[in-house]
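Below you'll find the structure, written out as structure tokens, and then a few comments.
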Amino acid sequence: MTGTTQDRATVGEGTVRLTVSQATVRFLAAQFVERDGERARFFAGCLGIFGHGNVAGLGQALLQAELEDPEALPYVLGRNEQAMVHTAVAYARAKDRLQTWAVSTSVGPGATNLLTGAALATINRLPVLLLPADTFATRGPAPVLQELERPDSGDVTVNDAFKPLSRFFDRVWRPEQLPSALLGAMRVLTDPAETGAVTVAIPQDVQAEAHDWPVEFFAPRTWHVGRPLPQPDALARAVDVIRSARRPVIVAGGGVIYSRATEALRVLAETTGIPVGQSQAGKGALPFDHPQSLGAIGSTGTTAANAVARTADVVIGIGTRYQDFTTASNTAFAAPGVRFVNINVAGLDAVKRSGVCVVADAREAVAALTVALQGHAVEESYGAEVQQRNAEWHATVAAVYDRQVGDGSAPPTQNEVIGAVNELSDPRDVVVCAAGSMPGDLHKMWQTRDRKGYHVEYGYSCMGYEVAGGIGVAMAEPDRDVFVLVGDGSYLMMATELVTAVQEGIKVIVVLVQNHGFASIGALSEELGSQRFGTRYRARSAVTGRLDGELLPVDLAANAESFGIPVVRTTTRDELESAILDAKKSSTATVIHVETDPFVGAPSSESWWDVPVSEVSTLASTQRARATYEHHKATQRPYLAPSES
Ligand SMILES: Cc1ncc(C[n+]2csc(CCOP(=O)(O)OP(=O)(O)O)c2C)c(N)n1
Ligand SMILES: [Mg+2]
């Protein structure tokens with residue numbers, strides 16, 4: 001829960017006559033968030049694409065605001081509504097959820113293009129305010145262009161599709177409803193346990209309607225983001241279980257980063273010796289070379305983390321959702337009596353895996369645990385084992401980061417691309433990614449040196465997030481270079497925001513990994529007996545009638561160039577390295593197009609991910625894969641035993 005305070009000095013009397021849109025803009029510009037004494041505007045601005053539904057309502061209000069006070073709610077024009085949500089969400093993640101953007105769209109397709117972004121925000125627990133326009137409240141000219149018009153219901157519009165994807169939804173049929181809609185939106189957006197996509201749909205006629213608003217609606221309002229303390233008895237139960245453990249392991253999730261608990265976690269890990277594995281959102285919770293850092297854990301984890309996880313007797317989840325990649329589909333924690341302690345600000349996550357629940361802010365709970373565990377440490381032999389396993393993994397990574405033997409004319413492997421970017425970027429630079437083979441490879445191998453240096457969207461793993469998300473990070477943190485690592489498939493899904501980067505003068509370094517199709521799903525398909533079916537970008541063959549003809553003559557470098565971005569084409573490791581160095585020196589965006597070898601994979605995680613294989617099939621490859629699947633499936637655990645001592 002958050003609380004608010006109003007600046008009494010600015011609370012006036014009487015009313016002011018404004019349209020619903022003008023009132024919305026004025027209200028949003030007056031919202032502030034405070035945590036730990038730091039106070040800032042909650043909305044950095046409004047991203048939008050105009051069409052009928054918002055061009056004359058919110059569009060007019062944004063124009064008026066820009067002319068009267070350019071700082072109030074700056075407007076940024078995006079190219080695709082889904083992408084605008086990615087930009088806003090990435091910005092919010094970079095800002096530890098303390099600031100975000102509003103997103104305005106037209107009715108119909110402009111609105112429903114937001115849906116994928118809404119799901120992504122809610123799943124990743126990141127705040128974004130969606131303002132899709134809605135069809136007429138008065139129904140005067142109905143049915144209007146792009147109206148759903150269902151035969152069985154008069155009040156359903158396409159925007160009802162936002163309801164299951166949003167943490168808060170409201171539709172403003174009448175101006176009088178606006179205050180409760182926007183105050184409700186703010187409550188959810190600023191609550192760490194509730195936050196996600198928040199949708200306020202405003203019909204296009206209502207947007208333009210004037211109303212006499214009480215002036216205090218627009219008074220600057222500060223939303224205080226609290227740090228809920230652990231209940232003493234819950235903490236005591238957690239401490240009991242942790243003290244009884246011989247092989248405890250911490251799983252650090254995104255909550256550690258958002259709560260700024262990394263320093264507290266470092267102290268807990270160092271004083272107790274408990275090693276720390278990290279989920280995708282939690283990577284960065286400890287630097288990669290910290291002695292207690294096991295790096296990534298789960299399906300795309302390090303062999304060190306996964307070996308420790310296999311025999312752990314107590315798993316301490318801090319700010320993690322325990323998504324299937326983190327738990328290797330509930331096979332990672334294999335010790336017979338394994339117990340869980342879950343520290344999470346959200347009850348939904350704290351109760352998972354039958355763990356001892358500590359519903360609290362991560363930083364506060366970790367600090368309290370450190371005090372309560374004073375004098376307690378894991379056995380030296382366990383610490384030594386962690387060091388040994390980490391050293392082995394670091395050697396594995398160093399070997400694949402290194403140049404592969406040869407005359408240097410062969411395309412680099414993806415491992416080498418990661419190595420080159422990691423070694424030539426500054427410790428504070430940010431790597432951004434979301435889908436394909438790259439996120440798993442980065443999770444395993446990226447050597448994170450800064451709390452905010454790793455930004456992989458892996459709640460929704462949404463192809464198309466990369467460029468738009470990278471722009472959001474660069475807008476949030478202009479003093480860091482942002483490396484967007486994007487596959488050719490994801491690039492094709494949504495590269496259009498490069499135009500927004502040009503328009504706004506935003507610097508991102510896009511490393512476009514060309515491997516002519518879906519290396520990730522191709523490898524998965526092969527492993528699961530589906531023979532890489534439909535995963536390569538190849539022409540339909542005149543001979544076989546199948547998609548196994550020539551590689552497509554697609555030139556993505558030329559495509560990027562057409563957006564007005566400098567592009568460097570590279571085919572060797574040397575060319576890649578000099579392109580990275582030049583891009584770092586440049587003050588504008590660069591796209592580095594790199595041909596890679598698609599068949600050299602990353603080192604194994606010695607882990608598993610549950611993707612069901614056909615139970616019956618005429619294909620021998622599928623039958624073999626099914627047998628392997630059943631073998632792994634048998635090791636999956638329900639984790640139903642209560643964890644309390
Ligand atoms: C919007 C969306 N559609 C489909 C998928 C499923 N999917 C995951 S990775 C992938 C292929 C990605 O290809 P590319 O970006 O070239 O990366 P590569 O696999 O080659 O590393 C697909 C289709 C997804 N994650 N997101
Ligand atoms: Mg690809």
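Note that these values count all heavy atoms, side chains included, but never hydrogens, waters or copies made by symmetry. One-based numbering, in listed order, for ligands and for the atoms of each. For the single chain, residues carry numbers from 1 onward in sequence order. Note that the structure is predicted; figures quoted are calculated from it, not measured.
When heavy-atom distances to ligand 1 are checked against a 4.0 Å cut-off, Asp488 comes that close through both its backbone and its side chain.
Using cut-offs of 30° and 60° for the angle between ring planes, the His632 and Trp608 rings count as parallel.
Residue nearest to atom 25 (N) of ligand 1, selected from Ala435, Gly487, Ser461: Ser461 (by heavy-atom distance).
Short contacts between ligand 1 and Gly489, defined as distances under 4.0 Å to a heavy atom of the residue, involve ligand atoms 13 (O), 14 (P), 15 (O), 16 (O). Contact atoms of ligand 1 toward Ser437: 18 (P), 19 (O), 21 (O) (distance under 4.0 Å to a heavy atom of the residue).
At least one N or O atom of Met463, backbone or side chain, sits closer than 3.5 Å to an N or O atom of ligand 1.
By the salt bridge (charged side-chain N to carboxylate O under 4.0 Å, His left out) test, Glu526 is found to be paired with Arg532, residues two or more places apart in sequence or in another chain being considered. For Lys163, the side-chain contact (heavy atoms from CB on, under 4.5 Å) criterion is met by Asp160, Phe169, not counting sequence neighbours.
Annotation: side chain to side chain donor-acceptor pair (under 3.5 Å) contacts involving residues 439-450, sequence neighbours excluded, comprise Thr300-His443, Gln414-Asp441, Ser425-Arg449, Asp450-Arg480.
Neighbouring protein atoms of the Mg ion (ligand 2) (N, O or S, distance under 2.8 Å, waters ignored): Asp488 OD1, Asn515 OD1, Gly517 O.
Taking the centre of each ring, Tyr465 and His86 come in below the 6.0 Å mark.
Ligand 1 is never approached by Pro598 to a heavy-atom distance shorter than 4.0 Å.
Protein heavy atom closest to atom 15 (O) of ligand 1, with residue, atom name and distance, is Ser490 N, 2.8 Å.
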